[in-house]
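One-based numbering along the sequence shown.
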Amino acid sequence: MIQALNQKTSEKMKKRKMSSSFHGIRPPQLEQPEKMPVLKAEASHYNSDLNNLLFCCQCVDVVFYNPDLKKVVEAHKIVLCAVSHVFMLLFSVKSPTDIQDSSIIRTTQDLFAINRDAAFPGASQESSGNPPLRVVVKDALFCSCLSDILRFIYSGAFQWEELEEDIRKKLKDSGDVSNVIEKVKCILKTPGKINCLRNCKTYQARKPLWFYNTSLKFFLNKPMLADVVFEIQGTTVPAHRAILVARCEVMAAMFNGNYMEAKSVLIPVYGVSKETFLSFLEYLYTDSCCPAGIFQAMCLLICAEMYQVSRLQHICELFIITQLQSMPSRELASMNLDIVDLLKKAKFHHSDCLSTWLLHFIATNYLIFSQKPEFQDLSVEERSFVEKHRWPSNMYLKQLAEYRKYIHSRKCRCLVM
């Protein structure tokens, strides 16, 4: 039986070979398009950016003192308020009526006191413009660990075990350690909720992410604690120097160098729309952005290149690529977006990864884009690249035409017969 089956199979194969040789021309094989270049996303340095802000001492607007009025550490109101309603209350961002939580109000009153006394030691040496706010820490034990506590807050307020270990090195008594840790938990408490930070280990495992990427958004485009105002297209956008300096090297140089912006509160911005600049600020404040479409993403990419924020450029590149890849052929053929203009802008603004990918994309969708009028705007070099890597290839289209011609001629013979 097996021999009979094998014999039948071999006979079928012979018939197929005879049939194919009889037809003369085989249908052409369509090769796979070339693989598109892979873009790798740049790792986030959001954590380290804001953590470094504590050590660089730039844009400081609050100084903490111990009960003996000796300077302990400098800090930034915007960062502290981003994680704590206690600091919001202390710096008058919110009122007791807004918070409506007696434990937070009590913690603020027990731990801190603002000192505006002109006779304060060192007050005469402060700048006359806008000196940092002086805050006296009433609790001596808490104050002795304040540097570690602020480092913990600036690094994301989740590394509880490291904080506990740092405090133990300074305070030998376990009761004092527990007391200080409890005060830190009270500072980070959410108003109206039971303090869920009782177990440090569980909290660390449950929320090992940065607080700021959501909390700082609360201050985006709002005048609270703002110390700089951007003027764009006849409107104003308030912002916070500390965040801008921490997240953008160009702005750090602008605000701390011998530039006009270093001493100015109102700063004009040119060549960018308000919508695009707000998206740019949103990235600086939250480490994320969501462009409305390809055009908006390209505008944001240009803004990111202007301020040399490379990771935002990569995010915009990936967004544009993802959007184009998800479009079906029919939509690509009918869309109004000028893909060649997109390519030109990517090249002009040093977005090499995107420009290379767009060239491959045009080549891969050659039959669609070669019919569009903007195809003629490609440079000689670009056109040469597209023709070389086009899909389907000229060879395949030629073979397909020959095969169709052959099939058509055979059909005509059959009809005559």
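Between H360 and F385, the closest heavy-atom pair is NE2-CZ, 3.4 Å.
In this structure, F55 has its ring center at least 6.0 angstrom away from the ring center of Y154.
For R404, the CZ atom sits in a loose shell: 12 or fewer heavy atoms of surrounding residues, nucleotides or ligands are nearer than 6.0 Å. Applying the 6.0 Å contact sphere to NZ of K222 captures more than 12 heavy atoms from other residues, nucleotides or ligands.
A 4.5 Å side-chain heavy-atom check between V250 and V309 finds every atom pair outside the cut-off.
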Only pairs under 3.5 Å count here: list side-chain donor-acceptor contacts from residues 226-237, not counting sequence neighbours, and write none if there are none.
{"unit_1": "D227", "atom_1": "OD1", "unit_2": "R241", "atom_2": "N", "d": "2.8"}
{"unit_1": "Q233", "atom_1": "OE1", "unit_2": "K274", "atom_2": "N", "d": "3.2"}
{"unit_1": "T235", "atom_1": "OG1", "unit_2": "I232", "atom_2": "O", "d": "2.8"}

Please output the side-chain donor-acceptor pairs of residues 105-114 that fall under 3.5 Å, not counting sequence neighbours, one pair per line with the distance.
{"unit_1": "T107", "atom_1": "OG1", "unit_2": "S103", "atom_2": "O", "d": "2.7"}
{"unit_1": "T108", "atom_1": "OG1", "unit_2": "I104", "atom_2": "O", "d": "2.8"}

In a table with atom names and distances, give each donor-acceptor pair under 3.5 Å that connects a side chain of residues 331-340 to protein atoms at least two apart or in another chain.
{"unit_1": "S334", "atom_1": "OG", "unit_2": "R330", "atom_2": "O", "d": "3.1"}
{"unit_1": "S334", "atom_1": "OG", "unit_2": "E331", "atom_2": "O", "d": "3.4"}
{"unit_1": "D338", "atom_1": "OD1", "unit_2": "V340", "atom_2": "N", "d": "3.1"}
{"unit_1": "D338", "atom_1": "OD1", "unit_2": "D341", "atom_2": "N", "d": "3.0"}

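In this structure, K94 is positioned above the aromatic face of F218, its NZ or CZ under 6.0 Å from the six-membered ring centre and within 45° of the axis.
Judged by distance alone, the side chain of D173 and the main-chain N or O of G175 form a donor-acceptor pair under 3.5 Å. When atom types are taken as modelled, the side chain of D61 and the backbone of K77 share a donor-acceptor pair closer than 3.5 angstrom.
K170 is linked by a salt bridge (charged side-chain N to carboxylate O under 4.0 Å, His left out) to D148, counting only residues two or more places apart in sequence or in another chain. When the side-chain contact (heavy atoms from CB on, under 4.5 Å) test is applied to K172, no partner is found at least two apart in sequence or on another chain. A search for ring pair (Phe, Tyr, Trp, His ring centres under 6.0 Å) contacts involving Y283 returns nothing, not counting sequence neighbours.
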Verdict with reasoning, S355 to D352, per side chain to side chain donor-acceptor pair (under 3.5 Å): CA-CA 5 Å; S355 59; D352 298 332; 4.6 Å; no
Step-by-step salt bridge (charged side-chain N to carboxylate O under 4.0 Å, His left out) determination, E165 to R168: CA-CA 5 Å; E165 188 178 338; R168 277 204 178 94; over 6 Å; no
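Taking CD1 from I153 and OG from S84, the interatomic distance works out to 6.5 Å, rounded to the nearest 0.5 Å.
The pair K344-E382 meets the salt-bridge criterion, since a charged nitrogen lies less than 4.0 angstrom from a carboxylate oxygen.
Using cut-offs of 30° and 60° for the angle between ring planes, the F91 and F87 rings count as parallel.
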